Chemist: 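Can you read through this structure? Questions will come right after.
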Number of protein chains: 2
Amino acid sequence: MVDARPVRPGPRRTLSEQAILDAALALLAELGADRVTIRGIATRVGIAPNAVYTYFPDKAAVLDGLAEQLLGRVDDNLVDDDRFTDSSRPWRERVHSLALELRTELLAHQGAVHLLLRSSLDGPNANAVGATLLTILADAGLDPASAAKGSHLLNVHILGSVALETADAAAATDQFLWGLDRLLDGLITYVGAQRDDRTGPRPR
Amino acid sequence: MVDARPVRPGPRRTLSEQAILDAALALLAELGADRVTIRGIATRVGIAPNAVYTYFPDKAAVLDGLAEQLLGRVDDNLVDDDRFTDSSRPWRERVHSLALELRTELLAHQGAVHLLLRSSLDGPNANAVGATLLTILADAGLDPASAAKGSHLLNVHILGSVALETADAAAATDQFLWGLDRLLDGLITYVGAQRDDRTGPRPR
DNA sequence: ACCTGAACACCGTTCAAGT
DNA sequence: ACCTGAACACCGTTCAAGT
């Protein structure tokens, strides 16, 4: 991983995109999202502010990467914990576990939700988390198209809930889970209606 | 509306909180949320930047007021349109109308969703919109406690959906309405389960 | 109470230059 | 390609002073 060549003039080659994102994540954890700043990152990794534009085109790209970083931490927890992967567990409990995991990670960093709400959620880590969710929804009986829409719906609920609960700071876990179950009941009703479609009326 | 007294030295007395918020709303409509700026507002109403701190304690308070302003526009549309108030219409259609109305208003102003997601949604206009929603959910058969939770759940869905669809700009109306109906099915299933509780098992 | 001028302590980003 | 110094064009907010 370390370049063989000794200290030389010119380019520093010491840094990487990952080093920038690590610094950004550290600032997020210590100071909150509105304090992760190009200048702060630069100071932390020991370069001039404008040097970070060697690695990212603008601040938005850094924040996109930071959102991905956050989802990477979530995904790491998913893969080595069978609360999510064990297909013998009831699907609803698995969704609960995953949703609470994501919510906990978001609540741990001030303003982190807003980072995700502004990101496109299409990086590799976002897809990895999404894939886990799709598997669970498939186990719940959703066909692939419905599972994709259901996965997006769950993202909306999780991110929206956390954003609003950090805004008014209520005892919101109950509301979060209550809404989650209403939503899941709706998904399941949909599966039942699709099954009826094969033999009865009411197409779509 | 115009004060009778002639030009005099000292305090200008020309301005009001509302004048500040009108300027903020104009900037939001013309330039987007990240360009509504204390300095821009001050320029627009013709005072020095620091003079707006006579009316609001800080920028966050101005943005809170702006969010309320936005909900006021929505509420104005609700009260004089019987698509929302006509209790003879099916409740689901009325929820659809209200949700789409709110969504349209949010999509009309770049970044407006994030203003609402950061606000506490407890001002008079937020409550007015909430009251309309509560009425509809009561007509759908929800008891007051469930209607309150359902109203919050709908806020989460509407704001979360709009935030994510402006983030990746898909053809998202279908997904929005699909998720909305899943969610409403879940609410209705809940009403059914409550009714069963009176005569059968499965408490909570 | 309402307003101004000036300043403080920041931002993101660009440009010219060095290796 | 990677980095620096200096600058540009902004921010929100505070302070002292005027009426």
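Heavy atoms only: backbone and side chains are in, while hydrogens, waters and symmetry mates are out. Everything quoted here is computed from the prediction, not taken from an experiment. Throughout, a chain's letter reflects where its sequence line sits, starting with A, and its residues are numbered from 1.
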Chemist: Please examine the side chains of B/L153 and A/R182, heavy atoms only from C-beta on, and report whether any two atoms are closer than 4.5 Å.
Modeler: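 A/R182 reaches B/L153 side chain to side chain.
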Chemist: Taking atom P of D/dA9 as reference, at what distance in whole Å does atom CZ of B/R39 sit?
Modeler: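 Atom CZ in B/R39 sits about 15 Å away from atom P in D/dA9.
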Chemist: Would you mind reading off the distance between A/F56 atom CZ and C/dT13 atom C1', rounded to a whole angstrom?
Modeler: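 These atoms are roughly 16 Å apart.
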Chemist: Distance-only, no hydrogens or angles: does the A/H157 side chain make a donor-acceptor pair with backbone N or O of A/F176 under 3.5 Å?
Modeler: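 Yes, because the side chain of A/H157 sits within donor-acceptor range (under 3.5 Å) of the backbone of A/F176.
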Chemist: I need the NZ-P distance between B/K59 and D/dT14, as an integer number of Å.
Modeler: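 The distance from NZ of B/K59 to P of D/dT14 comes to 14 Å, rounded to the nearest Å.
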Chemist: Would you please confirm or rule out a distance under 4.0 Å between OP1 or OP2 of C/dC2 and any side-chain N or O of B/Y53?
Modeler: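 For C/dC2, OP1/OP2 do not have a side-chain N/O of B/Y53 under 4.0 Å.
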Chemist: Using Watson-Crick or G-U wobble geometry with both distances below 3.5 Å, tell me the partner of C/dA7, or none.
Modeler: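 Partner of C/dA7: D/dT13.
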Chemist: Once you round to the nearest 0.5 Å, how far does CG of B/L187 lie from NZ of B/K149?
Modeler: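 Going from CG on B/L187 over to NZ on B/K149, the span is 11.0 Å.
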Chemist: Rounding to an integer number of Å, can you tell me how far B/L31 CG sits from D/dC11 C1'?
Modeler: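 Roughly 15 Å, once rounded to whole Å.
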Chemist: Can you measure from CD (A/Q175) to CG (A/L180) and round to the nearest 0.5 angstrom?
Modeler: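 Taking CD in A/Q175 and CG in A/L180, the distance rounds to 11.0 Å.
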Chemist: Which whole-number value in Å describes the distance from B/L63 CG to D/dG12 C1'?
Modeler: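 B/L63 atom CG is separated from D/dG12 atom C1' by 12 Å.
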Chemist: Check the distance between C/dC11's P and A/I38's CD1 and give it to me in whole angstrom.
Modeler: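 Going from A/I38 (CD1) to C/dC11 (P), I get 11 Å.
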Chemist: Within the pair A/T37 and C/dC10, is there a side-chain N or O less than 4.0 Å away from OP1 or OP2?
Modeler: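 No, because none of the side-chain N or O atoms of A/T37 sits under 4.0 Å from OP1 or OP2 of C/dC10.
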Chemist: In this structure, how many angstroms lie between the C1' atom of D/dC11 and the CZ atom of A/R35, rounded?
Modeler: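 The answer, rounded to whole Å, is 15 Å.
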Chemist: Just N and O in the side chain of B/Y55: are any of them under 4.0 Å from OP1 or OP2 of C/dC3?
Modeler: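 Yes, because at least one side-chain N or O of B/Y55 sits under 4.0 Å from OP1 or OP2 of C/dC3.
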Chemist: Rounding to an integer number of angstrom, what distance separates D/dC10 and C/dA9 when you compare their P atoms?
Modeler: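 Those two atoms are separated by 22 Å.
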Chemist: Once you round it to whole Å, what is the distance between C1' of C/dC10 and CG of B/D58?
Modeler: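 Rounded to the whole Å, the gap is 17 Å.
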Chemist: Donor-acceptor pair, distance only, cut-off 3.5 Å: does the side chain of B/S161 make one with the backbone of B/I158?
Modeler: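 Absent.
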Chemist: If C/dT19 has a Watson-Crick or G-U wobble mate with both distances under 3.5 Å, name it; if not, just say none.
Modeler: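 The answer is D/dA1, by the H-bond criterion.
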